[in-house]
There are 2 protein chains.
Amino acid sequence: MPTRSDVERLLRGAALRVTRPRVAVLTAVHEHPHADTDSILGAVRADVGEVSHQAVYDVLRALTAAGLVRRIEPAGSVARYESRVADNHHHVVCRSCGAIADVDCAVGYTPCLTASHDHGYAIDEAEVTYWGLCPACSIAPSS
Amino acid sequence: MPTRSDVERLLRGAALRVTRPRVAVLTAVHEHPHADTDSILGAVRADVGEVSHQAVYDVLRALTAAGLVRRIEPAGSVARYESRVADNHHHVVCRSCGAIADVDCAVGYTPCLTASHDHGYAIDEAEVTYWGLCPACSIAPSS
DNA sequence: GCCGCTGTCTTGAATCAGTCAAGATTACGT
DNA sequence: ACGTAATCTTGACTGATTCAAGACAGCGGC
């Protein structure tokens, strides 16, 4: 988990001003992987007091654009954020409770990046989402 | 493209009542692959006259539950529907204009289905989304 | 250490896809 | 043709996200 100064360094490195909300949001994303905006807002407020809802949206967008966090949007879920960037990893999503876990792809660094027929598209990323049941929901499918 | 009676057969085969809106929606999904709900509503109204927005949502849900259509939700897009079901295929999405094309996966019928470490999840599907630029947007990136 | 510029945050309203609910209709088995 | 349960219509509502305008505050330069 990065320290306050690590976080500041990350922000400055991305040419972003160091502000209370930004430090808090980036820290929250590191501490709560795959959290949605609302959870992050809660964590931020617990950390630094009142922060507007809009600020969190703005900060998350800025961090995403700067490549400091990654936004993921599994079907049927609101946007979630994670701090693991720049490594090719994917996600398993529980169909029942929505829990998300990281998965390193089995078939190499850029799995399936060559589609069989690309229709002339210039493909730059292959995103894989695994669907199934998490351990808890496997035991009690309809809690 | 299925005929009216093909569509009726599909509906009956799924134990769904044959109604005007259902026939029209299922036909529209076949005719407009990857269309969003609103486009489908437009196509349906052009076909059979006034149909409520709610009916289209209901029908799409029923068809999806019955496995007659598949719902896809690329990040940053509204829900879209397609009639290709039961074959393992994936999608390329244009980052610029949102256009979607089908892609048969290069590495076999169920690509990457074995994640390197599944965290105890019971995985039943691997969904792959390729991101890039469609031919038109490759030429004029910021139209 | 102070100033100003510009980027960031606050406040408050708006949008948009999708859902909920209640009652009217209608397909379909008998 | 009839009755019933599924389906459709109407209309209100939710919840995530965005837009807009003005107040505020980092940070580079003096």
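Since the model is a prediction, treat every value here as computed from it, not as a measurement. Just so we're on the same page: letters track the sequence lines, and every chain starts at 1.
- Of all the residues in residues 37-45 of chain A, A/T37 reach under 4.0 Å from DNA chain D with at least one non-hydrogen atom.
- Residues meeting the salt bridge (Lys or Arg N to Asp or Glu O under 4.0 Å) test with A/D36, sequence neighbours left out: none.
- Listed by first and then second residue, the salt bridge (Lys or Arg N to Asp or Glu O under 4.0 Å) pairs involving residues 16-27 of chain B amount to none (not counting sequence neighbours).
- For B/R9, the salt bridge (Lys or Arg N to Asp or Glu O under 4.0 Å) criterion is met by B/D6, not counting sequence neighbours.
- Checked against salt bridge (Lys or Arg N to Asp or Glu O under 4.0 Å), B/R45 has the following partners two or more places apart in sequence or in another chain: B/E50.
- Evaluation of the salt bridge (Lys or Arg N to Asp or Glu O under 4.0 Å) rule for B/E8 yields B/R4, B/R12 as partners, not counting sequence neighbours.
- The stretch residues 1-33 of chain B participates, sequence neighbours left out, in no ring-ring contact (aromatic ring centres under 6.0 Å, His included) pair at all.
- The CG atom of A/L60 sits 10 Å away from the P atom of D/dT17 (whole-angstrom rounding).
- In the hydrophobic clustering, B/M1 connects to no other residue, as no ILVMFWY side-chain heavy atoms lie under 4.5 Å from its own.
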Could you write out each protein N or O paired with an N or O of nucleotides 7-12 of chain D at a distance under 3.5 Å?
unit_1, atom_1, unit_2, atom_2, d
D/dT7, OP1, B/R22, NH1, 2.6
D/dT7, OP1, B/R22, NH2, 3.0
D/dT7, O5', B/R22, NH2, 3.1
D/dC8, OP1, B/T19, OG1, 2.6
D/dT9, OP2, B/S52, N, 3.0
D/dT9, OP2, B/S52, OG, 2.7

Identify the pairs formed between an N or O of the protein and an N or O of nucleotides 23-25 of chain C at a distance under 3.5 Å, and give each distance.
none

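- At the phosphate of C/dC28, OP1 or OP2 sits under 4.0 Å from a side-chain N or O atom of B/R12.
- A straight line from OH of B/Y57 to C1' of C/dA21 spans 17 Å, rounded to a whole angstrom.
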Side-chain donor/acceptor pairs under 3.5 Å, residues 64-77 of chain B, sequence neighbours excluded:
unit_1, atom_1, unit_2, atom_2, d
B/T64, OG1, B/L60, O, 2.6
B/R70, NE, B/E82, OE2, 3.3
B/R70, NH2, B/E82, OE2, 3.3
B/R70, NH2, B/H89, O, 3.1
B/R71, NE, B/E73, OE2, 2.9
B/R71, NH1, B/Y81, OH, 2.9
B/E73, OE1, A/G76, N, 3.1
B/S77, OG, B/R80, NE, 3.0

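- Against DNA chain D, the stretch residues 66-82 of chain B makes no heavy-atom approach under 4.0 Å.
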